[in-house]
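First the proteins, then the strands, lettered A, B, ... as listed; each starts at 1.
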Amino acid sequence: MAWRRAVQRFLRDRAATLGTALILLLIVAAVFAPILSPFPSDVADFHTAHRLRPPDSINWLGTDRMGSDLLSRILFGARITIAIAFIAVGTALVVGVPIGLVAGYYGGWASNLLMRVSDIFLAVPQIVLAIAIAQTLGPSIENVILALSITYWPFWTRLVYAETRSLKNEVFVESAIALGASPWRVMVLHILPNIASAIIVRTSIGMGVTILTAAALGFLGLGAPPPAPEWGRMIAESREFLPEAWWYATAPGIAIFMVVMGFNLLGDGLRDILDPRIRRGIGAK
Amino acid sequence: MTEAILSVRNLRRHFAVRGPFNRRIGSIKAVDDVSFDLMPGEIFGLVGESGCGKSTLGKTIMGIHRPNGGEIWFGGQQIDLLLAAGQRAVRRNLQYAYQDPGASLDPRWKIGRSLHEPLIIHTALDQAEREAGIRKILEAVGLPGTHLDLYPHEISGGQQRRVGLARILTLHPKVVILDEPTSGLDVSVQATVLSLFRSLRETFQLTYIFISHDLAVIRMMCSRVAVMYLGRIVEMGPTDVIFDRPQHPYTKSLLAAIPKIGGVRVTRDFWLRGEPPDPGNLPSGCRFRTRCPKAVDRCAREEPALEATGCQSVACFFPG
Amino acid sequence: MTTLLAVEDLSLGFATEAGFASVLDRVNLSIERGQVLGLVGESGCGKTTLASAILGVLPRHSVRIAGGRILFQGRDLLTAGPAFVNQTIRGRAITFVPQDPFTSFNPVFTVGAQVMEIMKWKSPRRAAPDWVGRLPAFLAPYPSPQRRSDREAVLELLDAVQLPRPAQLLRKYPHELSGGQRQRLMIAMALLPGPDLVIADEPTTALDVTIQAQILGLIRRLASERNVAVLLTTHDLGTAYEICDAVNVMYAGQDVESAPVDKFFAAPAHPYTTKLLASLPRADGSATGIPGEVPVMIAPPSGCRFHPRCDRAAEQCRTARPSVEQLGGGHWVRCYRPHRAAP
Amino acid sequence: MRRLEMILSRLVWFVPTLAGLVVIVFLISNVIPTDPVRVALGENATLAQVEAMRVKLGYDKPLAVQLARHFRDVLSGNLGTSIYSQRPISEDLAKRLPATLELTLVAIALSIALGIPLGVVSALKRNSLLDHAVRVVSVSGLAIAAFWLAMQLQFLFAMKLGAAPLNSRIDGFGPEPITGLFIVDSLLSWDMESLGSALSHIALPALTLALPAAATIVRFTRAGVLEVINSNYVLYQRAMGMPPGLVVWKYVLRNALISTVTQIGLIFGVLLTNAVVIETVFDWPGLGTFAVQSILQSDHKAIIGFTIWTGALIVIFNLLVDIAHSIIDPRGTR
Amino acid sequence: KYVHANNSGYDNLDPHAIFDVGRAASRINFYDGLYRWVDNPPKLIPWLAESHKSSADGKSWTFNLRKGVKFHDGSEMTAADVIYSIERMLATKKGASSLFMPIIDPGTTKAPDKYTVVFALKESSAIFLATVPEILVVNAKLVKQNEKDGDWGAAWLAKNVASTGSYKLKRYDPAIGFVGERFKEHFAGWGPKAFDEIEFRTVLETNTRVQGLMKGDFHGTDGYLPYDQILRLKQAKNVQIFEQESMRVFYFSIHNDRPPLNDVHFRRALAYAFDYNGFINDILKGAVARNPGPNPNNLWGAPKDLQGFTYDLDKAKAELAQVKQPLRPITIGTLAGFSETEQAATLLQNAASKIGVEVKIESAPWQVVQSRMQDRDKNYDMVPLWKSTYYVDPNNWVGELYGSRYYGTRNYSYNKDDELDKWINDALAINDEEKRRDLYEKAARKVTEQAMGIFVYNTKWYGPYAANVGGIRFCPIGSGQDMRWAYFK
Ligand SMILES: Nc1ncnc2c1ncn2[C@@H]1O[C@H](COP(=O)(O)OP(=O)(O)OP(=O)(O)O)[C@@H](O)[C@H]1O
Ligand SMILES: Nc1ncnc2c1ncn2[C@@H]1O[C@H](COP(=O)(O)OP(=O)(O)OP(=O)(O)O)[C@@H](O)[C@H]1O
Ligand SMILES: [Mg+2]
Ligand SMILES: [Mg+2]
């Protein structure tokens, strides 16, 4: 019942709905890229004679420096974006959340040390470490994902750690412990569900951040190697044609914008819906 | 004389006050050298001003806080030394009802699930058996069965209190520590909740430690009462005796401060001045001396011990 | 005695997500100069709402005033210009002591700064030149002669509310003070502008009994010394008994009974009042309580809102709200079937 | 006193944090496959030379020994020489630091000047047209890829309108270096031409950096004001008839800023992140371009040096934020 | 004042430490060599030396120095300075020294008198004279004063100039560039309108260089811009473009020593799989000329009738069918920041996939690519890049790229071909140009026919300068950045 009400609230939240729509758009684009794109082969095929054509009825978004259809490339690029965002954030989550949970629950010097390490990771901009790692491993999508996961897990550990710490002081957790519940039970059944909303919200926003970082890596030439239609790389390619071929940079830039916006809006919307403080505030009679 | 069901001997619980560098810069003596016995079936009241350590005492007995010193005996067993497994067994019999019952329920769990939890933890009953048990308890605390499908924030404060109690009673404990069970309730609700406590005590043969700062409620509910001031018990004895012939100046001032409808207006000439000192920075000697009209030099030098005079014990050099 | 403040048939409510909550229903109330009036009722019955309505600080976007008047010295505050009310009534003629001294000080300014800010704008000695009004408020000057005399007045009053070493105290931050000290400061701040009426919203609920006794004594003494009227809201009948001249009882947004304090406790007329008094814990262990629950304001019971829980309720209680029945000696009740004191 | 101790304890954390940083970065940079010695020696080196250089630079030793030596060097402030440029790395970093500082500080100032008033007004006029506009823009600001925004601004302002220079930090060599911050230096030496040039050059990159930062500040200020505006102390001041403008801009704002100030520490990290890419786009001779270059050149020591400096910068900045925080919020340490 | 926007950084001014095209301006404008290359086709003109003689066996070379040449500090340049300079190059082993280390031993260069220098080569070298302009002379006394720990003044010369050159160093910032002030007493004298100051500024971003040139902030920039930019610049009124045929061959370097690339059929298959016309005519808009072999068309030693490969996937498939070894994915390294290399690589990748060869592309900065190429094991399979002119002799191309003596320095093909090696070594040892031409043509033919590299085009130099700049003397060496001849109209 409460669940259905949450869905209703969600649908009423225009921003969250728009965000979901944008993300669905991304997923549809990724899944059906071969069907949707007008020139599916253009991902790796060139028509040098058609290079740098402005948008027209054939190439809706124009063509790039090799004469490939930009729309097709952007649709296929959605696959890369999805892969990077979901796998990198997913891995970081799978690693970071349990660590943060256990460290936050038990405390002690070991988890203090752990938190120090994650602090150190967080002291340096993620992109700096990611660049170093991506460069170490050589440019490829897999390595970008790896670099982002390695640098992103401390973020989750921190978040979950802090949430767990504060939840541990909550009366209902204390009372569960007083009732004799095992640590495992308290962590998994009481703490985790209660920080889940925070995690979900941050995941959504983290997806956006990760997509931006991945695009930045692609932009710097550390992402997927050519001819992969990775959006950041496309923007980098477009740079030297900026004055003449305005559409070249515009299309992938807007694609990135829409997707990140989608995740941010969804995150914001979820925050309003899921954040217990806010819900309690509104739900109270 | 019957055997005490719960005995507390010289219990201590101090909280470190930490400054920068995680350095210990002092300690709050939330519970300091507290001893008392709890007899089966009685309602033992614990009163005192906010921050005097009532909740901490309760939680230390429960094992939520580790004591810094002293012993706790429950049913002939010293429970403060037990390891996790032993503690769990004790917890079936010793339960703590939180000051804010709403907050002691997981906001994401339906009431029903929260009520199942103690049985899942402590028994091997199956779903149907548990459900039956819960419905019985629910009835006992006066809640409709439909409430099982609601979330904590969807019910009123009085009902939350009932749920909190039901949750504790599912395990049929022997002793329940009730921490401020009526604070924040309106008098009309408070009256019904209090009578519920009484009837439950009958039904389940419970022994209560009843924590409150409301003397009127204590007087109505308890057979014996201990008055705490800044981590110590300053006076203890049967309720009637304490209320009629208080010996400690602090107890006197407490009694003087409650308005008595129909009586003289206490605010006209209320004599106690000042406020309790900072618990992290206690005065030397007797803790009450900074506010005590009787205080002399000796009170600053020595700390009076809790000494029995008849059925009543007082920690004061100049009782009466 | 002349009526200082009269609330007449005030009805208002809030637009909420769940619907319109009718929080005050034709409420009447009047205070004489120098009188301490207790507004008693259970949690959520609309005490704070009524006090806020008099002060004019209800949330503007959600509040809907359905009718009634709030007459202060004969002037309707609901229709008076907001700038006028803000400058000459609020904080001047009517001041405020909040419920919770812990959260009513701005935590990041010293209490001295906050006291002096009040004095800068609300001091009885304030004589602001014309052009000051046109400046943005945070640029307005504080003439030093006024500042000096204000400061003296502050120190004097802090002494009067029994705050030790006032000068040092003013340099502290709120979190460095105890609850009792803060509430004394609040009282001092309420008296400094030399008001005619102080609205004190449950000034002692957050405090311990010993402190409560001290604070109540203080309010009572200062009010009579300075001839200030006090509207004191509370849910604690004991508090009302201690310092009030008269008591006004509310239930679920409706006023039900009003009486001088002695009559109120000796001969309550409304069934709700009697039940409330019977709920107080007594040494003999008898406290009856009131079965049922406080109604929701969104769809309140019709007529007298107490009727679902009233054992004397009749059909007419369900349909229409009883009007005021004077019982003499300033005692009135709104009930078709009140308890009548044996003559 | 409290504050001093807080600062001291922060300073004490500084050391292990940086030490940890050194280790992590060292480990990361040491598995880079390209051979730094080869890069150092250039086209013509023979195998023997390479080996000699390897020994000379200590690359032949086990990793632990290298790490220990590295620690010793870092402690003595010596980050080694760049194997590509052949100059001491600390020198290179020191030369580039002012550029990055100037850029990020201007960006922060810009974002604060933009973000706080907008956040307050948008909270006060909640659900108004302005509020909606501000929220849309601020959500967008966080979704734009910084480098793309940089390019679009370049395209619009530099290429199409010619209103701003395309990139770099100043025309020519800039004013006499005193602090290294061109804006400050040109003011100090009263060199108006340089000042104009420096300002026009910094406008676009600072704006690019400031927009997402301002978006964050707007959001937090707005949320902070909304939270505070309903608090009891604001209610109290309103009930006491204090001038509404005063209540908002003095009393509400200061409380609302507490969370914003904490955010500014994080924002600084984000700014540095974006600076890495944006400096590259705008050819800004700061730490960011240095980092990208040295990482692409597999210049181990330069990467380590950069990371340490960045980490230190962030730690120092956060220290300043903490101090600011303790001034705004006197309720003791966090 | 002339302002030049350069596409790479001047992070070191030491003339003996740097030897790349991007940083030619600091060497050529601050320093003088014994001879100097000018114009196109390149001519060698006497510079610090007035004349030279070589012994019959080609091993002893005597240079007569110009008299009265002044260093910037006023002292006179003598043979001692020349000897210090060559010893310094041999000792520091950087930059152009690799040209001399194989043929000159330290301590063997002598000065019979103050104005005569004698080089004693270990073996006869046909290219020695062509490389003599790279012996840039530093002020020995001044440098010695600034030596530290036997570093031959490396630290000092990195930031300072001690020379006889056309310009004195006025300001220098490695992150920004340098400003040179005309050295009025330069021995070669000055034209009436020569620039008083030249500023070379590092502007990495192509767009900025172009934009700045069009706005008038810069007066010149590098001549190898992408052709799209040249077209843009041609529209601008205040910019003129000098067009010159250069000697800068774009080709795919192939690792010839690694299966399956060691199979000529595989290499040929790839050579047939590159769309030369699409690349030259569409992507580069015909701005360059097809160059079928390793040597630039406009230099002797390039066979005039050489037939290169054409884009023909059928032939490619046929060749591939003859490959016996198992196929595997081929890795191409491209130069970050040089999008042409990436486009060439993707073009090849695309066609290769059609004949069933998988290609992976990795991009890295030039330094990294180079360091990998110099290592036989770490080298990429293929790298598209340019071979520029360091000295004007076919050896600069076919010799260095395929002579085994240059393995790991400038030969990245690691090819094993004794016949080819012999031709190249022979051509180095004799001085008869006719014979040498013959050898180089044979070598070029063989290299092409064996597809040891995929040779694409020879660059044209499109020197963009402000319309009011005159007197630019383009030479493939120095890329038109020798500013002493130029002036404002
Ligand atoms: N976990 C803790 N860490 C540090 N200090 C604590 C902790 N719990 C309680 N204290 C301190 O111990 C003292 C006693 O607290 P306790 O909660 O036991 O008082 P109480 O009598 O229950 O008060 P109340 O009536 O307000 O519930 C207080 O000064 C409190 O600040
Ligand atoms: N801004 C508001 N919007 C909607 N409902 C409100 C608002 N303010 C108060 N109410 C509702 O009005 C009713 C009366 O509230 P009010 O705060 O006046 O009660 P009270 O008598 O002061 O209670 P307490 O003793 O708990 O302070 C409550 O049901 C409350 O939920
Ligand atoms: Mg408590
Ligand atoms: Mg209230």
Side-chain angles (χ1 to χ4, degrees), chain C residues 48 51-52 54-61 82-110 113-115 117-122 132-133 135-140 172-176 186 189-190 192-193 195 199 201, chain D residues 1-3 116-117 120-131 221 224-262 322-334:
Chain C
T48 301
S52 306
I54 298 168
L55 287 161
V57 291
L58 288 169
R60 215 161 297 145
H61 58 272
F84 166 79
V85 175
N86 213 34
Q87 277 164 29
T88 60
I89 308 287
R90 211 176 288 148
R92 274 275 177 81
I94 306 181
T95 59
F96 179 57
V97 178
Q99 170 166 5
D100 186 356
F102 293 91
T103 57
S104 294
F105 274 109
N106 194 318
V108 302
F109 292 86
T110 61
Q114 297 182 57
V115 176
E117 188 80 67
I118 298 263
M119 289 309 280
K120 176 177 169 186
W121 298 95
K122 301 294 173 185
V132 168
L135 283 178
F138 49 89
L139 290 182
K172 294 192 173 175
Y173 283 97
H175 70 273
E176 296 169 313
M186 283 289 174
M189 283 158 83
L192 277 166
I199 295 182
D201 188 10
Chain D
M1 195 57 227
R2 260 277 190 68
R3 193 172 297 158
I116 290 183
V120 172
V121 172
S122 142
L124 291 183
K125 303 223 172 353
R126 199 181 174 182
N127 291 331
S128 68
L129 205 65
L130 178 87
D131 182 28
T221 309
V225 170
L226 281 182
E227 199 176 304
V228 172
I229 202 98
N230 289 321
S231 67
N232 278 339
Y233 48 85
V234 174
L235 187 78
Y236 174 73
Q237 284 192 322
R238 289 206 293 132
M240 288 298 275
M242 304 295 284
L246 182 77
V247 173
V248 169
W249 292 102
K250 183 170 175 185
Y251 290 92
V252 171
L253 187 57
R254 181 143 165 200
N255 285 282
L257 282 187
I258 292 172
S259 62
T260 310
V261 163
T262 316
D322 282 351
I323 294 171
H325 187 279
S326 76
I327 290 170
I328 294 188
D329 183 1
R331 283 169 295 189
T333 55
R334 275 179 292 170

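When the candidates C/Thr110, C/Ile118, C/Val85 are compared by the number of heavy-atom contacts under 4.5 Å with chain D, C/Ile118 comes out ahead. When each of C/Glu176, C/Gln87, C/Arg92, C/Met186 is checked for heavy-atom pairs under 4.5 Å with chain D, C/Met186 comes out on top. Most heavy-atom pairs under 4.5 Å with chain D, from the set C/Asp100, C/Ile89, C/Thr103: that is C/Thr103. Of the listed residues (C/His61, C/Met189, C/Gln114), the greatest number of heavy-atom pairs within a distance under 4.5 Å of chain D belongs to C/Met189. Interface remark: of the candidates C/Ile94, C/Leu55, C/Val97, C/Thr95, C/Thr95 forms the most heavy-atom pairs closer than 4.5 Å to chain D.
Heavy-atom distances place no part of C/Gln99 under 4.5 Å from chain D, backbone and side chain included. Only the backbone of C/Ala113 comes within contact range of chain D, with at least one heavy atom under 4.5 Å from a heavy atom of that chain. Contacts between C/Tyr173 and chain D at a heavy-atom distance below 4.5 Å involve the side chain alone, from C-beta outward.
The closest side-chain heavy-atom distance from D/Tyr233 to C/Val108 is not below 4.5 Å.
Test D/Met240, D/Gln237, D/Arg238 against C/Val57 for side chain to side chain contact (heavy atoms under 4.5 Å, CB included) and you get one pass: D/Arg238.
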Self-check item: Candidate pair D/Arg254 and C/Asn106, rule side-chain contact (heavy atoms from CB on, under 4.5 Å), full reasoning
Solution: CA-CA 10 Å; D/Arg254 181 143 165 200; C/Asn106 194 318; over 6 Å; no
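C/Asn86 and D/Gly241 make their closest contact through OD1-CA, 3.2 Å (heavy atoms, listed as atom of the first residue, atom of the second, distance).
Rounded to the nearest 0.5 angstrom, C/Phe109 CZ and D/Lys250 NZ are separated by 6.0 Å. Separation of atoms CG (D/Leu235) and CG (C/Leu58) is listed at 9.0 Å; rounding is to 0.5 Å.
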